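Just so it is clear, the model here is predicted, and its values are computed rather than measured.
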Amino acid sequence: MRVSNSMAKSYQRCSRQYDYKYNRLLTPKTTGLPLYRGSWLHELLESLYKTGDWLERNDELTVEFMKLFEEEREAYGDLPKICASIMEAYCYNWKTEDKNFDVIAVEQEYEVPLPHGHTLVFKIDALVEDEFGIWLMEHKSHKTLPDDNYRFIDIQSARYVWALKQLGIDVIGVLWNYLRTKEPSKPKLT
């Protein structure tokens, strides 16, 4: 059996949810705003770390967004503008640190045999290297940034580090690349 992190997480959360999603292949009729926005930002980060530019991908996603029904666009708000604003702030804030990384892989898929005979299939957000070694980079978007406890019990990152080490990739740690989903506020002239 091929097992992904989302399958394991779904089964741990609720076996019925797992059955609906993976056995019966049922999907929600609509995508919630946090998931839609998170997927959008994730694609922009993927483009940034692959090509060095995210603007073209944002334009493509905006074209897709404009094909939604007007009611759907209203429910999501001005997502193209919000995501662009978040990415502009992200690039401005992290441009110096990002120059220190050599990008090894972006959105790379791997497979690792598990001890019980199944296979773990997973896709990493990025592998980057700096003067200390190779890091697994995990992109996550949150309304408020998680604390250390959240990172300490994050099973996905631990699974991925273990699996990469099984493949001979000596990962020294995880870089959690957090984006706040709240659009940066612009100061007002007083």
Side-chain angles (χ1 to χ4, degrees), residues 4-7 9-10 13 17 20-22 25-109 121-128 135-147 150-151 154 156-157 160 174-190:
S4 69
N5 184 68
S6 60
M7 288 173 75
K9 192 174 174 182
S10 179
R13 186 179 307 125
Q17 177 191 32
Y20 289 157
K21 187 172 183 178
Y22 294 101
L25 304 175
L26 300 176
T27 57
K29 289 183 179 183
T30 60
T31 303
L33 174 61
L35 182 59
Y36 193 62
R37 179 182 47 225
S39 297
W40 190 309
L41 290 169
H42 197 91
E43 288 197 41
L44 296 182
L45 285 168
E46 176 185 350
S47 182
L48 175 67
Y49 283 99
K50 275 186 177 175
T51 68
D53 183 42
W54 56 272
L55 292 168
E56 185 177 329
R57 183 66 185 137
N58 192 59
D59 291 343
E60 294 167 359
L61 291 170
T62 300
V63 168
E64 292 175 27
F65 180 78
M66 296 311 289
K67 292 177 184 175
L68 296 175
F69 290 114
E70 184 177 343
E71 294 80 10
E72 291 174 301
R73 290 194 311 265
E74 278 182 24
Y76 291 132
D78 192 0
L79 212 48
K81 179 182 169 287
I82 292 168
C83 289
S85 180
I86 291 170
M87 281 303 293
E88 285 170 2
Y90 173 86
C91 291
Y92 177 79
N93 191 53
W94 296 109
K95 64 184 167 200
T96 305
E97 286 80 357
D98 277 356
K99 287 181 184 174
N100 296 329
F101 294 130
D102 291 324
V103 179
I104 297 171
V106 177
E107 294 297 322
Q108 181 71 44
E109 292 187 22
V121 293
F122 64 103
K123 184 190 286 191
I124 58 153
D125 294 335
L127 279 179
V128 296
W135 298 87
L136 169 66
M137 183 180 278
E138 284 288 307
H139 306 310
K140 304 286 183 198
S141 57
H142 293 275
K143 184 175 181 180
T144 57
L145 298 182
D147 60 10
Y150 178 87
R151 287 184 287 279
D154 180 38
Q156 175 182 336
S157 298
Y160 289 3
V174 179
L175 295 175
W176 282 279
N177 191 15
Y178 290 131
L179 280 91
R180 287 196 58 209
T181 55
K182 181 182 179 295
E183 184 180 7
S185 56
K186 298 202 174 25
K188 295 183 180 182
L189 186 63
T190 57

Visitor: Please indicate whether E64 has more than 12 foreign heavy atoms, meaning atoms of other residues, nucleotides or ligands, lying under 6.0 Å from its CD.
Guide: yes
Visitor: Search all heavy atoms of D125 against all heavy atoms of M137 and return the closest pair with its distance.
Guide: CB-O, 3.2 Å
Visitor: Do M87 and L41 come within less than 4.5 Å of each other through their side chains, counting heavy atoms only?
Guide: yes
Visitor: Taking all heavy atoms of R151 and all of P146, pick out the closest pair and write down the distance.
Guide: NH1-O, 3.0 Å
Visitor: What's the spacing between Y150 OH and K140 NZ if we round to 0.5 Å?
Guide: 6.0 Å
Visitor: If we ignore angles and hydrogens, is there a donor and acceptor under 3.5 Å between the side chains of S10 and Y20?
Guide: no
Visitor: Of all the heavy-atom pairs spanning K143 and T181, show the shortest one and how long it is.
Guide: CA-OG1, 3.4 Å
Visitor: Distance-only criterion, 3.5 Å: show the donor-acceptor pairs between side-chain atoms of residues 72-80 and protein atoms not counting sequence neighbours.
Guide:
residue : atom : partner : partner atom : Å
E72     : OE1  : F69     : N            : 2.9
R73     : NH1  : M66     : O            : 3.1
R73     : NH1  : L68     : O            : 2.6
Y76     : OH   : T31     : O            : 2.5

Visitor: Taking all non-hydrogen atoms of both residues into account, name the closest pair between E56 and D53 and its distance.
Guide: N-OD2, 3.8 Å
Visitor: Could you state the interatomic distance from CG (L136) to CG (L127), rounded to the nearest 0.5 Å?
Guide: 6.0 Å
Visitor: Heavy atoms only: give me the nearest S141-G38 pair and the separation to one decimal.
Guide: OG-CA, 3.4 Å
Visitor: Are any non-hydrogen side-chain atoms of L45 and L179 less than 4.5 angstrom apart?
Guide: yes
Visitor: Whether the side chain of S4 engages the backbone of V121 through a donor-acceptor N/O pair (distance < 3.5 Å, no angle test) should be reported.
Guide: no
Visitor: For S39 and L35, indicate whether the former's side chain and the latter's backbone hold a donor-acceptor pair under 3.5 Å.
Guide: yes
Visitor: Please list, chain by chain and in numerical order, all residues satisfying side-chain hydrogen bond (donor to acceptor under 3.5 Å, both in side chains) with E43, sequence neighbours excluded.
Guide: R57
Visitor: Would you indicate whether the side-chain heavy atoms of W40 and T62 approach each other to under 4.5 Å?
Guide: yes
Visitor: Restricting to non-hydrogen atoms, name the atom on C83 and the atom on N58 that form the minimum distance, rounded to 0.1 Å.
Guide: CB-OD1, 4.4 Å
Visitor: Check residues 92-109 and write down every donor-acceptor pair under 3.5 Å in which the side-chain atom is one partner and the other belongs to a residue at least two apart or another chain.
Guide:
residue : atom : partner : partner atom : Å
D98     : OD1  : Y49     : OH           : 3.1
D98     : OD2  : Y49     : OH           : 3.0
E107    : OE2  : H42     : NE2          : 2.8

Visitor: In Å, rounded to the nearest 0.5 Å, how long is the span from CH2 of W54 to CG of L61?
Guide: 11.0 Å
Visitor: Output the distance between atom OG1 (T51) and atom CD (E46), rounded to the nearest 0.5 Å.
Guide: 9.5 Å
Visitor: If we only count heavy atoms from C-beta on, is the L48 to Y90 side-chain gap below 4.5 Å?
Guide: yes
Visitor: Decide yes or no on side-chain hydrogen bond (donor to acceptor under 3.5 Å, both in side chains) for N5 and Y160, but give the supporting numbers first.
Guide: CA-CA 9 Å; N5 184 68; Y160 289 3; 4.5 Å; no
